[in-house]
Amino acid sequence: MNKNRITSEEALAFHLEPTPGKFEITATVPMTTQRDLSLAYSPGVAVPCEAIAANPETAYDYTNKGNLVAVISNGTAVLGLGNLGALASKPVMEGKAVLFKRFADVNSIDIELDTEDPDEFCRAVRLMGPSFGGINLEDIKAPECFIIEQRLKEEMDIPVFHDDQHGTAVICAAGLLNALHLSGKKIEDVRIVLNGAGAAGIACLELLKAMGARHDNCIMCDTKGVIYQGRAEGMNQWKSAHAANTDLRSLTDAMKGADVFLGVSAKGAVTPDMVASMAPNPVIFAMANPDPEITPEEAHAVRADAIVATGRSDYPNQVNNVLGFPYLFRGALDIHARAINDEMKIACAHALANLAREDVPDEVAVAYGTSLTFGRDYIIPTPFDPRLIHRIPPAVARAGMDTGVARRPIIDMDAYELSLKSRMDPTANILRGINARARANQARMIFAEGDDPRVLRAAVLYQRSGLGKALVVGRADDVATKLRATGMEDAVRELEVVNAANTEHLETYKSFLYDRLQRKGADAKDIHRLAARDRHVFAALMLQHGHGDGLVTGATRKSAHILDRLNHVFDANPEHGAAGFTALLHKGRIVFIADTLVHEWPDENDLANIAVSGAQVARHMGLEPRVAFVSFSTFGYPLSERAVKMSMAPKVLDARGVDFEYEGEMTVDVALNTDIQKNYPFSRLTGPANILVVPARHSASISVKLMQEMAGATVIGPILTGLDKSIQICSSTSTANDILNMAILAACKVGE
């Protein structure tokens with residue numbers, strides 16, 4: 001896996017568009033009528049207020065407290081940037097809040113406190129306690145972080161968790177359990193050296209000792225060397241608790257014969273000679289960010305038997321906190337826990353370690369572009385493993401119940417695990433898999449409209465994201481001017497700009513085009529005009545002749561015009577099986593609408609062809625297709641000649657013997673709602689449809705735009721299918737990110 005290059009312009013744009021920040025708050029109840037407002041606020045709200053006053057525990061029933069975590073910081077230790085202050089820490093805290101939602105469906109709000117006084121900080125957090133089900137402390141410098149967390153744990157009756165300490169510790173412990181298992185060693189026997197006596201380092205050693213590591217076998221080091229009994233310089237009460245009775249004084253001395261090295265310190269702190277001096281089958285967790293204490297390449301150069309983990313995503317065995325904190329809080333919130341204790345953290349570590357030893361699902365292998373098997377290069381689960389959500393929280397919850405911190409124990413654990421599986425948005429896994437396939441394919445993507453700033457930004461993002469090579473059709477001087485105007489001047493040297501004037505293939509293109517169009521009214525001048533001056537035709541000719549692997553266009557012209565131009569080079573028409581599908585992503589569901597691009601008024605045979613193409617697109621995107629032919633009637637009622645073809649299309653598929661589910665005709669609510677489907681037990685659909693084949697292109701367009709504007713659905717497409725080359729046509733209203741998504745689909749050859 002290559003580390004993606006992220007520029008300052010891209011990062012700022014991500015946080016600025018489409019609206020400043022990274023999340024918004026939406027209502028979960030109706031807020032339209034006067035009655036809705038009366039129930040949500042006065043006078044209806046008085047009833048739950050009185051219920052909570054009489055029994056505070058009911059706050060978990062009548063408010064969002066039970067699924068709400070506060071991410072709180074004072075900005076004194078922001079990432080690796082130091083003391084930036086409360087306000088400058090807000091982007092990080094917003095990011096943490098959306099990670100809670102993305103990985104464990106935990107609602108979270110960021111709070112930045114403008115104080116470095118531990119007393120003021122603790123008082124502010126304590127006073128906000130009734131609002132939240134848990135507190136996640138973040139980016140607070142040591143030693144104040146120890147003081148703040150300990151005090152808040154004592155003074156509050158909800159979980160308080162400093163992720164910089166315990167999050168790292170939990171993932172480190174999980175990886176170490178598996179590394180020792182592979183090395184044939186036991187935690188109580190190994191010699192452990194830790195470098196970096198800050199919040200994370202101390203938490204790592206404390207948790208490992210709670211899991212069986214012996215105090216006498218653990219050596220902690222800081223910038224002044226070994227922390228030994230009797231040392232006075234640079235000490236505090238937290239370091240003193242781990243002072244060793246030893247004559248060792250330097251990290252170099254401590255590393256001789258050590259079984260385990262844990263680093264939460266700085267780049268280059270460990271040398272190859274230190275690694276060479278370690279015991280057989282050494283375990284090295286070089287977790288400094290962004291650069292580890294020693295790279296895996298450097299460590300393996302002197303010790304091929306070493307198991308190495310880092311904090312980086314471009315190396316195997318990433319120690320990533322996102323594997324821990326979302327699921328710890330999910331389990332703690334679901335039992336209405338009073339705290340997150342050591343037993344819950346240890347349970348989390350063991351659950352993570354056990355998960356890494358199991359067979360890895362295919363979708364994870366697809367997402368990472370490689371087969372993952374438990375071993376020296378895979379000792380920690382990947383952050384995108386879909387099993388995390390239903391494996392880790394139950395383990396945490398059980399530990400919380402066993403240790404008496406649960407206010408409301410879970411009675412039916414099997415039902416709880418099922419509920420966790422349903423919480424997560426499956427579209428995220430689908431989109432991640434598509435991105436991974438695109439990155440693996442490394443397609444040369446042709447961006448036909450190099451005079452549009454959105455297209456240029458998408459091309460730059462495509463290339464800088466490691467997806468492949470971007471080829472931009474346009475004039476070099478115009479491209480450079482527009483890139484400078486958008487603040488991406490440095491990208492001028494990166495993009496390859498292609499046009500009729502700088503290609504050696506123009507005559508070949510013209511000859512091909514003349515052969516296709518000479519009996520369709522085109523003369524030599526027309527051919528030259530099309531090939532040399534029409535960017536859509538020129539880009540299509542590039543693709544046809546293998547001078548690119550995919551094509552994205554449509555940002556500057558209507559799709560009908562684009563299809564007309566493509567038909568000069570390809571057979572992008574209904575007679576040759578072309579069709580268009582638009583994906584709607586909304587509230588964790590993905591539904592394809594067809595045909596949104598090619599067929600104006602398809603007959604039953606066209607509809608059957610569209611269904612077959614739709615099933616192929618769905619499978620390309622990791623879905624098992626279920627097709628519904630939708631209309632305003634359901635299984636013959638009300639009777640209408642306009643609905644007849646929708647009832648005949650399934651019969652066409654019956655005769656073909658296709659290998660996917662389909663049914664019709666039916667209304668949209670019957671197609672998508674499993675409860676309504678129960679009224680039609682004869683239906684062949686075993687669940688909600690994910691492909692809706694509609695009667696005509698106008699109804700497809702209306703459906704898509706209505707969902708986009710009224711429901712806020714995310715729209716991807718239309719996805720063009722039925723060609724022997726990968727071409728995608730984006731909307732003229734597309735953003736740079738929309739265009740990038742279409743390029744990714746083209747790179748994955750979803751439409752072929």
Side-chain angles (χ1 to χ4, degrees), residues 70-86 88-89 92-93 96 111-126 135-156 159-170 172-173 192-210 215 218-244 251 262-266 269 287-289 293 311 321 325 339-342 345:
V71 178
I72 306 180
S73 179
N74 62 1
T76 53
V78 180
L79 299 177
L81 304 174
N83 188 347
L84 297 185
S89 75
V92 181
M93 302 312 122
K96 193 66 174 283
I111 297 172
E112 293 75 36
L113 298 178
D114 193 12
T115 179
E116 295 188 22
D117 184 330
D119 292 331
E120 284 190 336
F121 191 102
C122 288
R123 174 174 168 77
V125 176
R126 186 176 67 252
I135 303 293
N136 185 99
L137 301 175
E138 192 80 11
D139 289 358
I140 304 168
K141 69 182 177 70
E144 287 87 344
C145 62
F146 301 115
I147 299 168
I148 288 170
E149 186 191 42
Q150 187 57 41
R151 279 186 52 182
L152 290 176
K153 281 183 173 181
E154 294 170 355
E155 296 172 356
M156 302 183 75
V160 177
F161 185 85
H162 185 208
D163 188 47
D164 297 310
Q165 295 180 59
H166 309 297
T168 302
V170 168
C172 172
I192 300 173
V193 176
L194 182 138
N195 193 48
I202 290 173
C204 285
L205 215 50
E206 286 179 346
L207 186 62
L208 293 177
K209 288 179 179 179
H215 175 83
C218 298
I219 300 292
M220 178 181 285
C221 301
D222 62 11
T223 55
K224 294 178 173 55
V226 172
I227 295 171
Y228 57 90
Q229 291 180 8
R231 193 182 107 171
E233 185 181 9
M235 295 296 287
N236 57 43
Q237 67 187 80
W238 298 279
K239 292 182 183 180
S240 296
H242 298 283
L251 177 61
L262 305 178
V264 278
S265 51
M287 298 177 286
N289 260 323
E293 286 83 358
N321 284 21
F325 70 84
I340 293 176
N341 56 31
D342 279 352
K345 289 181 280 186

What class does the angle between the rings of W238 and F146 fall in, given that below 30° is parallel, 30 to 60° is tilted and above 60° is perpendicular?
parallel
Looking only at heavy atoms, what is the nearest atom pair of S240 and M235, with distance?
OG-CE, 3.6 Å
Roughly how far, to the nearest 0.5 Å, is the SG atom of C122 from the CD atom of E149?
10.5 Å
Atom CD of E233 with >12 non-hydrogen neighbours under 6.0 angstrom:
no
Would a 4.5 Å heavy-atom cut-off, applied to side chains only, mark V160 and V125 as touching?
no
For C204 and L194, what are the C-alpha separation, side-chain angles and deciding distance, and is it a side chain to side chain contact (heavy atoms under 4.5 Å, CB included)?
CA-CA 9 Å; C204 285; L194 182 138; 4.0 Å; yes
Please tell me if the side chains of Q165 and E206 come closer than 4.5 Å, counting only heavy atoms from C-beta onward.
no
D114 atom CG: more than 12 heavy-atom contacts under 6.0 Å
no
Pairwise side-chain contact, S89 with D139, heavy-atom cut-off 4.5 Å (strictly under):
no
Can you give me the closest heavy-atom contact between V170 and K345, atom names plus distance?
CG2-CB, 3.8 Å
Here the gap from K239 atom NZ to M220 atom CE, rounded to the nearest 0.5 Å, amounts to 9.0 Å
One should read off an interatomic distance between F161 CZ and L137 CG, to the nearest 0.5 angstrom, of 10.0 Å
Would you please name every residue forming a ring pair (Phe, Tyr, Trp, His ring centres under 6.0 Å) with F121, sequence neighbours left out?
none
Closest non-hydrogen atom pair, M287 against C172
CE-SG, 4.0 Å
Can you list everything that forms a ring pair (Phe, Tyr, Trp, His ring centres under 6.0 Å) with H162? Sequence neighbours excluded, please.
none
Spacing of I72 atom CD1 and L152 atom CG [to the nearest 0.5 Å]
8.0 Å
Lys/Arg-Asp/Glu bridge criterion (N-O < 4.0 Å) met for D163, K96
yes
Does any N or O in the side chain of N195 come within less than 3.5 Å of the main-chain N or O of G263, such that one atom is a donor and the other an acceptor?
no
At what distance, to the nearest 0.5 angstrom, does CG of L113 lie from CZ of R123?
13.0 Å
Minimum side-chain heavy-atom gap I192-L205 below 4.5 Å:
yes
Could you tell me which non-hydrogen atom of I147 sits nearest to which non-hydrogen atom of P118, and how far apart they are?
CG2-CB, 4.4 Å
Are side-chain heavy atoms of I202 and H242 found at a separation under 4.5 Å?
yes
Using every non-hydrogen atom in the two residues, find where T76 and I140 come nearest and quote the distance to one decimal.
OG1-CA, 3.4 Å
Without swapping roles, check the side chain of H215 against the backbone of A244 for a donor-acceptor pair under 3.5 Å.
no
Is E293 reaching over with its side chain to a backbone N or O of V264, donor-acceptor style, under 3.5 angstrom?
yes
Would you give the length of the straight line joining atom NZ of K153 to atom CD1 of I135, rounded to the nearest 0.5 angstrom?
13.0 Å
Whether E116 side chain and N74 backbone form a donor-acceptor pair below 3.5 Å:
no
Minimal heavy-atom distance between A269 and S265, with the atoms involved, is CB-OG, 3.8 Å
